[in-house]
Amino acid sequence: MLTINTAAITAKEFESFLPAAQRAHDNLQNGTGRGSDFTGWVKLPESVDKDELARIKAAAAKIRSDSEVLLVIGIGGSYLGARAVIEALRGTMYNLKDKPMVLFAGNNLSASYYKDIMALLEGRDFSINVISKSGTTTEPAVAFRIFRRLLEQRYGKEGAKSRIYATTDKARGALKGVADAMGYETFVIPDDVGGRYSVLTPVGLLPIAAAGIDIDALLLGAADMMKICRAPGEGNPAWRYAIARNAMLGRGKTTEILVTYDPDFVFLAEWYKQLFGESEGKEQKGIYPSAVSFTADLHSMGQFIQEGARSLFETAVLVDTPAADVRVGMEENDADGLNFLAGKSLFDIERQAFRGTYLAHGDGGTPNLVVKITDKNARDLGGLLYFFEYSCGVSGYILGVNPFDQPGVEAYKKNMFALLDKPGFEKEGAQLTARLPEGI
């Protein structure tokens, strides 16, 4: 179950955005807004391909039986959602205590990072899940070249092909061609679902299932939230959040800080940053998505949030039910002065830290929104993921942008190709090199 507190905005502010929220909602439900070709995620939880879901579970079971490591190769939406769910539900220390380890590559170009992964793969059976619509995105394509060769050296081409799972386009693209030619098992990225909305497709579901998470429960939670978000009006939590965000922007609050109080939710915040940043940051518009992990960041970013530029608002994501019961003990001499906490649980202490921070930051001019789920489980997390996706669609339409494209992402790629002497970019490469300051 999910609840949202938007007490930081006024009834007048909320009412002023209701007509825009209704239009945005209608566009999402009817597929009539900008970028509607990529709104397949809206009704996805009730239209999951049962046969493909069964294949995902079978592949995950095979990986769990024959691999000590699953290497997930992808960038952006091709890995953030899966990593967010795995860490949220299995913990940031999952790889230290359970098998298979789930490692991620193809999201950077760091030689030292790749060497570290190679060292971890040494002497361990592993499989690869490569995720790419086209198969030509530089970072994952480079990673797949490197680690496919390592896999083939370990098991031979015939043995390697049964350990490679390609999540890609259903009919075209470089990766689809390679997968068909080599005989890899493939899973489909739906044509009408963009990467940052794809966590509930095979993009996220295969690695999540391989980590031992109940994907049926995850999808059920998303379906629960889909039904809630389908109903228009003030009771729709996604409307409330989308309206609150745009009301904050109207006050000059141009940066939203997603606040988590659980280290296991750090990659949920990374997923949120891509979802909202790539969806809304265009046409010189948008709210800059940032994130902090409290209480740790109260000792680093807390000063700025409390007294820095007043362009911020916060959205705290909380879980109402403690996942564990750890309590503070009594000390005879009370040297640290903390005996007043004796017998209290860490959950209780953390919740009072949240309440104190909520009041302090509000008093300092940083308003707070609060999103709560009841339990830290697959069903509630599935609902939370869908809630953020639907909120993002509504918010983007209220803002007046296409929430489902990302034209600006291509600019750096073109420059990088030119500077790397990719055929066809020779002229641009020389021009760009001439523009670079000395030493850059």
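Since we're looking at a predicted model, the values are computed, not measured.
Few gaps surround CE on M118; more than 12 heavy atoms of other groups in view lie less than 6.0 Å from it. Atom CD of E122 sits in a sparse spot, with 12 or fewer heavy atoms from other residues, nucleotides or ligands closer than 6.0 Å. In the displayed structure, K157 atom NZ is contacted under 6.0 Å by at most 12 heavy atoms of other residues, nucleotides or ligands.
Residue pairs meeting the salt bridge (charged side-chain N to carboxylate O under 4.0 Å, His left out) criterion with at least one partner in residues 379-399, sequence neighbours excluded, are D224-R379. Contacts classified as side chain to side chain donor-acceptor pair (under 3.5 Å) and involving residues 64-76 (residues at least two apart or in different chains) are given here: K62-D66, S67-S127, S67-R163.
Note that CG of D214 is 9.0 Å distant from CG of L220, once rounded to the nearest 0.5 Å. Between the CZ atom of F265 and the OG1 atom of T92 there is a distance of 12.0 Å, given to the nearest 0.5 Å.
Residues V102 and N95 approach most closely at N-OD1, 2.8 Å, considering heavy atoms. In plain terms, the two heavy atoms of N129 and P207 that are nearest each other are OD1-CD, 3.5 Å. Residue I63 comes nearest to P100 through the heavy atom pair CG2-CG, 4.4 Å, listed as atom of the first residue, atom of the second, then distance.
No donor-acceptor distance shorter than 3.5 angstrom exists from the side chain of T260 to the backbone of S293, with no hydrogens or angles considered. Although no hydrogens or angles enter the test, the distance criterion places no donor-acceptor pair under 3.5 Å between the side chain of N30 and the main chain of T32. A donor-acceptor pair is defined here as one N or O able to donate and one able to accept, closer than 3.5 Å; no such pair exists between the side chain of K273 and the backbone of A291.
No salt bridge links K414 with E428; every basic N to acidic carboxylate O contact stays at or beyond 4.0 Å. We find that D405 and R34 are not joined by a salt bridge, their nearest charged nitrogen and carboxylate oxygen being 4.0 Å or further apart.
Taking the centre and axis of the six-membered ring of F144, the NZ or CZ atom of R148 falls inside the cone set by 45° and 6.0 Å.
Under the 3.5 Å distance criterion, with hydrogens and angles disregarded, a donor-acceptor pair is assigned to the side chains of Y390 and H25.
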If you apply the rule side chain to side chain contact (heavy atoms under 4.5 Å, CB included), what do you find for K176 with K170, and how did you get there? CA-CA 7 Å; K176 174 62 175 173; K170 65 181 179 182; over 6 Å; no
Output, in order, the C-alpha distance, side-chain angles, deciding distance and verdict of side-chain hydrogen bond (donor to acceptor under 3.5 Å, both in side chains) for N246 and S395. CA-CA 7 Å; N246 281 275; S395 183; 3.1 Å; yes
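Residues meeting the side-chain contact (heavy atoms from CB on, under 4.5 Å) test with I305, sequence neighbours left out: I257, V292, F294, M301, L312, E314, H361, T366. Applying the salt bridge (charged side-chain N to carboxylate O under 4.0 Å, His left out) rule to E278 yields the partners R196; only residues at least two apart in sequence or on another chain are considered. A search for salt bridge (charged side-chain N to carboxylate O under 4.0 Å, His left out) contacts involving E52 returns R55, not counting sequence neighbours. For Y114, the ring-ring contact (aromatic ring centres under 6.0 Å, His included) criterion is met by F147, not counting sequence neighbours.
Classification of the F276-Y272 ring pair by plane angle, with boundaries at 30° and 60°, yields tilted.
Considering W41, F38, Y386 as possible partners of Y197, the one that fulfils the ring pair (Phe, Tyr, Trp, His ring centres under 6.0 Å) test is W41.
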